[in-house]
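Working notes for the structure below.
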Protein chains: 2
Amino acid sequence: MALAHAILTILTDTPSSGYDIGKRFEEQVSCFWKASSQQIYRELTKMEQQGWLQHEVIAQTGKPDKKLYSLTAAGRQEWQRWYTAPTEPTPIREDLLVKVLAGAHVAPEQVRQAVLLRRHRHAQQLQLYRRTEAEEFPPNAMTRSQQFSYLTLRRGLRYEQDWLAWCDEVLTFLDEQAAADSPSALPDTSALPLQ
Amino acid sequence: MALAHAILTILTDTPSSGYDIGKRFEEQVSCFWKASSQQIYRELTKMEQQGWLQHEVIAQTGKPDKKLYSLTAAGRQEWQRWYTAPTEPTPIREDLLVKVLAGAHVAPEQVRQAVLLRRHRHAQQLQLYRRTEAEEFPPNAMTRSQQFSYLTLRRGLRYEQDWLAWCDEVLTFLDEQAAADSPSALPDTSALPLQ
DNA sequence: TTGACATATTCAACAAGTTGAGTATAGACT
DNA sequence: AGTCTATACTCAACTTGTTGAATATGTCAA
């Protein structure tokens, strides 16, 4: 039911077509939700069958017709119900952590490579968020709606920073291990790699 | 294919039954992967069909028979291939962020409630991880395998701490808004809620 | 002795997410 | 003239994840 509620939330803001919703997902919401257009269209059909939405067909010149969806009273009510119900955290499924967990069974270089690759991805994503922050959220001139939007971007920023910091922890650990194992290492830095 | 590789990883360590794997998922891996036993059994069957695993039936006294799965050469090879292939970050789907995004459309108290509920959950999870840390990872006496395991716990600890910090950011923002809106507020603390 | 709990696995149905193709119009670029 | 992109939607097949029930044995405690 989760995607349905994300869609309801967008339609709370303004009536939209499936295509519009898809774009808003990509632009605004991609930091914490991803949905393919196929998924969105399918969900919209289901939600209309449930009576949460209605649509009217809008003829456009130069573009294909579109179905403009808007909330029904039942939809608005369902949205309110959802809003006050507790939200569960996303189940996390992280390949990289599985790899690190098994780190003792592979060459240290393999662990390092895996972590480095992911570190790079998070660094890029962080940069992207930083750009968005600079471009779309002027420190002293945000509307109320923008302020909330900014709070969600803050989550994205934190998330990426936290990943980077953890990757660095792992890399530091690997460095210390390597130093301790190599004959030319300083002898007294091997213990207590993390605390 | 992701669950399959998590299972391969566990079997790299030691041959196990579906039930054993389920328990290790719950105990060790639950911080970053969740799988129901049904899912695991289904996946094991599929993996055996692909030739990654083989099993032998072990008769036990006082307990039902079990199927002890172990890696084949092909399975080990596939695991190696996966290990060196880049890992994508999990797609995140966070209801709570959708709620905060729409914060301007509901009463501030509703946002606060939603955030407080989640904050509580993360605080509890953090405490749980802290206990695990204290009980299972003695600072100076970890095996190599434990050290890697500890690194994954570190990810969990960080993750929960980061959530708490963000929740507090949102709550602070809401407090400042409330103070700015109420007549008895200090007049000059309203601007620049975050930076 | 009855019921809860741990061990150990299977089947069925469904919901959610992914992949890929297909249909259409229209403007812009080459 | 042909291709690319943007708009706008649909259908089908598949994989993955969730929920609930069913089966079977043995131990431990109320």
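Residue numbers start from 1 in every chain, and the chains themselves are labelled A, B, ... in the order their sequence lines are given, proteins ahead of strands.
At whole-Å resolution of the value, CD in Glu88(A) and P in dG17(D) are 18 Å apart. Rounded to an integer number of Å, the gap from CD1 of Ile40(B) to C1' of dC11(C) is 17 Å. The CZ-P distance, from Arg93(A) to dG17(C), rounds to 11 Å in whole Å. Atom-to-atom, CZ of Phe25(A) to C1' of dG17(C) comes out at 13 Å; the value is rounded to the nearest Å. Put simply, NZ on Lys34(A) is 13 Å from P on dG17(C), counting in whole angstrom units. Nucleotide dT15(D) holds its C1' atom 15 Å from the CE atom of Met47(B), rounded to whole Å. Separating the CZ atom of Arg24(A) from the C1' atom of dA8(D) is a distance of 18 Å, rounded to the nearest angstrom.
Lys23(B) has a side-chain polar atom (N or O) that falls below the 4.0 Å cut-off from OP1 or OP2 of dT7(C). At the phosphate of dT16(D), neither OP1 nor OP2 sits under 4.0 Å from any side-chain N or O atom of Gln39(B). Under 4.0 angstrom from either OP1 or OP2 of dA16(C) there lies at least one side-chain N or O belonging to Lys46(A). Residue Gln60(A) places none of its side-chain N or O atoms closer than 4.0 Å to OP1 or OP2 of dT7(D).
Using a distance-only test at 3.5 Å, with no hydrogens or angles considered, no donor-acceptor pair links the side chain of Trp33(B) to the main chain of Leu97(A).
The side chain to side chain donor-acceptor pair (under 3.5 Å) test applied to Arg81(B) returns Glu78(B), not counting sequence neighbours. Taking the side-chain contact (heavy atoms from CB on, under 4.5 Å) definition, one finds that Ser16(A) meets it with Ile10(A), Leu11(A), Thr14(A), Asp20(A), Ile21(A), sequence neighbours left out.
Listed by first and then second residue, the salt bridge (charged side-chain N to carboxylate O under 4.0 Å, His left out) pairs involving residues 104-126 of chain A are Glu94(A)-Arg118(A), Glu109(A)-Arg112(A), Arg112(A)-Asp175(A), Arg119(A)-Asp168(A), Arg121(A)-Glu88(B) (not counting sequence neighbours). Screening residues 120-147 of chain A for ring-ring contact (aromatic ring centres under 6.0 Å, His included), with sequence neighbours left out, gives His122(A)-Trp163(A), Phe137(A)-Tyr150(A).
No hydrogens or angles were tested; on distance alone, a donor-acceptor pair under 3.5 Å links the side chain of Arg42(B) to the base of dG17(D).
Linking Ile, Leu, Val, Met, Phe, Trp and Tyr residues whenever their side-chain heavy atoms come within less than 4.5 Å places Leu101(A) and Leu171(A) in a single cluster. Under the 4.5 Å side-chain heavy-atom criterion for grouping Ile, Leu, Val, Met, Phe, Trp and Tyr, Leu68(A) is not connected to Leu44(A) through any hydrophobic cluster. By the criterion of side-chain heavy atoms lying less than 4.5 angstrom apart, applied directly or through intervening Ile, Leu, Val, Met, Phe, Trp or Tyr residues, Tyr69(B) is grouped together with Trp82(B) in one hydrophobic cluster.
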With the criterion being N/O to N/O and under 3.5 Å, what pairs connect the protein with nucleotides 24-28 of chain D, and how long is each?
unit_1, atom_1, unit_2, atom_2, d
dG26(D), O4', Gly62(B), O, 3.3

Polar-atom pairs under 3.5 Å, protein N or O versus N or O of nucleotides 9-11 of chain D: list them with distances, or write none.
unit_1, atom_1, unit_2, atom_2, d
dC9(D), OP1, Lys67(A), N, 2.5
dC9(D), OP2, Gly18(A), N, 3.3
dC9(D), OP2, Tyr19(A), N, 3.1
dC9(D), OP2, Tyr41(A), OH, 3.4
dT10(D), OP1, Lys67(A), NZ, 2.5

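In summary, the aromatic rings of Phe148(B) and Phe173(A) are positioned with their centroids under 6.0 Å apart.
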